[in-house]
Participant: 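I am attaching a structure below and will ask some questions about it afterwards.
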2 protein chains.
Amino acid sequence: MAGRHRTFDEDTVLRQATEIFWTKGYESTTTEDLLAAMHLNKGSLYNAFGSKKSLFQRVVSHYSQQVFSDLDRQIEASDQPMEVVRNLFREVCDPEDPAQHLKGCFFGNAVSELASIDGELEKQAIEKLKTLENLFKKALDKAVALKQLAIQNTEIPARYLVNLWNGINVTRRMYPHRKDLEPILKMSLQILS
Amino acid sequence: MAGRHRTFDEDTVLRQATEIFWTKGYESTTTEDLLAAMHLNKGSLYNAFGSKKSLFQRVVSHYSQQVFSDLDRQIEASDQPMEVVRNLFREVCDPEDPAQHLKGCFFGNAVSELASIDGELEKQAIEKLKTLENLFKKALDKAVALKQLAIQNTEIPARYLVNLWNGINVTRRMYPHRKDLEPILKMSLQILS
DNA sequence: ATAGTTTTTGACCAAATAGTATAAAATGGC
DNA sequence: GCCATTTTATACTATTTGGTCAAAAACTAT
């Protein structure tokens, strides 16, 4: 293909866009915010991504791919799959960067914000939470197969875990400290041990 | 006091404002939305409530007073206080108006949306979720006193219940059907029976 | 009655919004 | 070197935003 090449790295600018959509939400993020975070000019942004909405869709898709394929790999690699799940929740309760508490879950935020604003975007966020649920189910199934867990049905427990995920990502804003979150988590995971 | 009287009922217009702030969120609700919902002119709105932000604060305060004083009364009146709590959650899973599923929890929504937008409003919403937690604790304490529940500590279980509340109010947007939500709820409340 | 006070009405305003347009410079395949 | 494309930078646009204001209307106290 002829013509000048892109000078920015798509992966990088998408991560930068993710960061600001995540912290400020969809509607409250302005194009100026995005331009500043991504170090692009308006022309480049609109040429490359079309609109704020389609950029957001790219961001959702890009971020989910990152985070879920990693989690999937971890579950497949581990011989203690539920430990992977527990570690995920532990990271939520005690993140490396405490500012994460204010951000909550990107998908959960999107679902809450967009429900009555943009049904299409909401649907896509819901889909991602269901992907997470499926990964929980995968871990549960593997634990059952390995006889590390004695439950008959894994569908409800998987939903129980997404629900826990949804909850803790709101509750962490009420109580952004490990000492407050861990007892809740411990009590919640007890039922699966 | 001299001067023209208000022609609108404050309670009524606050309820109307609640409805639209709840469904659309704080930022996405425009003054025009509010004027239409409250059947007021701009001047009246700003004369009576000062600003969009202070109206929102009034709405938060007004709605919380309504809903929490009612719940408090129920807990005090009941000789099976945990049944009051369970009914609250049952209503969430199977509301009279199914459109409620899309709305989630007013305070939880506010916390999620406003965390990085307006710290003051976020704090007020967090405070209300903590009020709910205190009511859960009150019910738990009463159940313990009545020997209907055999637990030592009620603080963690109360937080477990707010966390369940926060979770189910997001999860209900993923699964806006009783048959999906009830098994999650049953599994979650099992630990307290 | 009338003076004083408050509410209502609807026009008005400045700032911000997402997105477009333009034109020149940069870059690369052919 | 020609052509296609992206980048940069700036200007522009149409709409929407939260909020103000002046004047009319409604009411109370004296």
Side-chain angles (χ1 to χ4, degrees), chain A residues 1-14 16-60 110 113-114 116-122 124, chain B residues 1-14 16-60 110 113-114 116-122 124:
Chain A
M1 204 216 303
R4 183 172 178 176
H5 289 188
R6 292 230 165 120
T7 59
F8 62 86
D9 180 46
E10 195 166 284
D11 212 77
T12 304
V13 300
L14 281 176
Q16 287 160 335
T18 305
E19 179 66 21
I20 124 122
F21 271 133
W22 193 346
T23 50
K24 303 193 70 169
Y26 178 70
E27 291 267 278
S28 293
T29 294
T30 68
T31 43
E32 299 299 330
D33 289 333
L34 291 165
L35 264 18
M38 302 164 84
H39 308 111
L40 291 181
N41 291 88
K42 224 167 213 185
S44 303
L45 210 230
Y46 278 91
N47 177 57
F49 298 104
S51 70
K52 182 183 171 184
K53 177 168 173 172
S54 68
L55 172 60
F56 186 78
Q57 292 174 309
R58 290 289 307 276
V59 160
V60 166
E113 179 190 352
L114 298 168
S116 305
I117 305 296
D118 189 313
E120 198 182 351
L121 295 183
E122 189 212 6
Q124 282 165 36
Chain B
M1 205 215 300
R4 185 172 177 172
H5 291 191
R6 292 232 166 118
T7 58
F8 62 86
D9 178 47
E10 194 166 286
D11 211 76
T12 304
V13 300
L14 280 176
Q16 288 160 335
T18 305
E19 179 65 21
I20 126 121
F21 271 133
W22 192 347
T23 51
K24 305 194 70 168
Y26 177 69
E27 292 266 278
S28 292
T29 294
T30 67
T31 43
E32 298 300 328
D33 289 333
L34 291 165
L35 297 180
M38 302 164 84
H39 309 111
L40 291 181
N41 290 86
K42 223 164 215 186
S44 301
L45 211 232
Y46 278 89
N47 177 57
F49 298 105
S51 71
K52 183 182 171 184
K53 176 167 173 173
S54 68
L55 171 61
F56 187 78
Q57 291 174 310
R58 289 289 306 277
V59 160
V60 165
E113 179 190 353
L114 298 168
S116 306
I117 305 295
D118 189 312
E120 197 183 353
L121 294 184
E122 189 212 5
Q124 282 166 35

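What you see is a predicted model, and the numbers here were worked out from it, not measured in a lab. Quick note on labels: first sequence line is chain A, next is B, and so on, each numbered from 1.
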Participant: What's the closest nucleotide to the B/Lys52 side chain, out of D/dG18, C/dT20, D/dC27?
Facilitator: D/dG18
Participant: With a 4.0 Å cut-off on heavy atoms, is A/Phe49 in touch with a base, just the backbone sugar-phosphate, or nothing at all?
Facilitator: nothing
Participant: For B/Tyr26 and B/Arg4, find the nucleotide of DNA chain D closest to each by heavy atoms; which residue's nucleotide sits nearer the 5' end?
Facilitator: B/Tyr26
Participant: Using whole Å, report how far CG of A/Leu34 lies from P of C/dA18.
Facilitator: 8 Å
Participant: Is there a donor in the side chain of A/Thr30 and an acceptor in the side chain of A/Asp33, or the other way round, less than 3.5 Å apart?
Facilitator: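 A pair is found: one side chain offers a donor N or O, the other an acceptor, under 3.5 Å apart.
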Participant: Using atom CG of A/Asn47 as one end and atom P of C/dA18 as the other, report the distance to the nearest whole Å.
Facilitator: 19 Å
Participant: What's B/Ser44 touching, base or sugar-phosphate or nothing? Going by heavy atoms closer than 4.0 Å.
Facilitator: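 Contact class for B/Ser44: base.
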Participant: Going through the distances and angles, do A/Met38 and A/Phe49 end up as a side chain to side chain contact (heavy atoms under 4.5 Å, CB included)?
Facilitator: CA-CA 12 Å; A/Met38 302 164 84; A/Phe49 298 104; 4.0 Å; yes
Participant: Look at all strands and tell whether B/Thr29 reaches a base, only sugar-phosphate, or nothing, counting heavy atoms closer than 4.0 Å.
Facilitator: sugar-phosphate
Participant: Within the distance-only criterion (no hydrogens, no angle test), does the side chain of B/Glu113 pair as donor or acceptor with the backbone N or O of B/Glu27 below 3.5 angstrom?
Facilitator: yes
Participant: C/dT8, OP1 or OP2 - any side-chain N/O from B/His5 closer than 4.0 Å?
Facilitator: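 False: B/His5 side-chain N/O out of range (4.0 Å or more) of C/dT8 OP1/OP2.
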Participant: Among C/dA18, D/dT28, D/dG18, which is the nearest nucleotide to the side chain of B/Thr30?
Facilitator: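 From the listed options, D/dG18 comes nearest.
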Participant: Calculate the interatomic distance between A/His39 atom NE2 and D/dT8 atom C1'; express it in whole Å.
Facilitator: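 So the two atoms are 15 Å apart, to the nearest Å.
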Participant: Between B/Tyr26 and B/Lys52, is there a cation-pi geometry (under 6.0 Å to ring centre, at most 45° from the normal)?
Facilitator: yes
Participant: State whether B/Lys42 places a side-chain N or O below 4.0 Å from either non-bridging phosphate oxygen (OP1 or OP2) of C/dG10.
Facilitator: no
Participant: Please tell me which of the listed nucleotides, C/dT7, D/dT8, D/dT6, lies nearest to the side chain of A/Asn41?
Facilitator: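 Shortest atom-to-atom distance from the side chain points to D/dT8.
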Participant: Starting at CG of A/Leu40 and ending at C1' of C/dA18, how long is that distance when rounded to a whole Å?
Facilitator: 16 Å
Participant: Side chain of A/Tyr46, heavy atoms from C-beta onward: which of C/dT8, D/dG19, C/dT20 has the nearest atom to it?
Facilitator: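 Nearest to the side-chain atoms of A/Tyr46, counting from C-beta on, is C/dT20.
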Participant: For the pair made of CE in A/Met38 and C1' in C/dA18, what is the distance, rounded to whole Å?
Facilitator: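 Between C1' of C/dA18 and CE of A/Met38: 15 Å.
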Participant: In whole angstrom, what separates B/Lys24's NZ from D/dT17's P?
Facilitator: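 Taking atom P of D/dT17 as the reference, NZ of B/Lys24 is at 8 Å.
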Participant: Under a 3.5 Å distance rule, please check whether B/Thr29 uses its side chain to pair with a backbone N or O of B/Lys24 as donor and acceptor.
Facilitator: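 Side chain of B/Thr29 to backbone of B/Lys24, a donor-acceptor pair under 3.5 Å: no, none is there.
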Participant: Taking atom P of C/dT17 as reference, at what distance in whole Å does atom CG of A/Asp33 sit?
Facilitator: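 So the two atoms are 8 Å apart, to the nearest Å.
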Participant: Heavy atoms only, 4.0 Å cut-off, all strands: where does A/Thr7 land among base, sugar-phosphate and nothing?
Facilitator: sugar-phosphate
Participant: Quick one: B/Ile117 CD1 to D/dT17 C1', roughly how many Å, whole number?
Facilitator: 15 Å
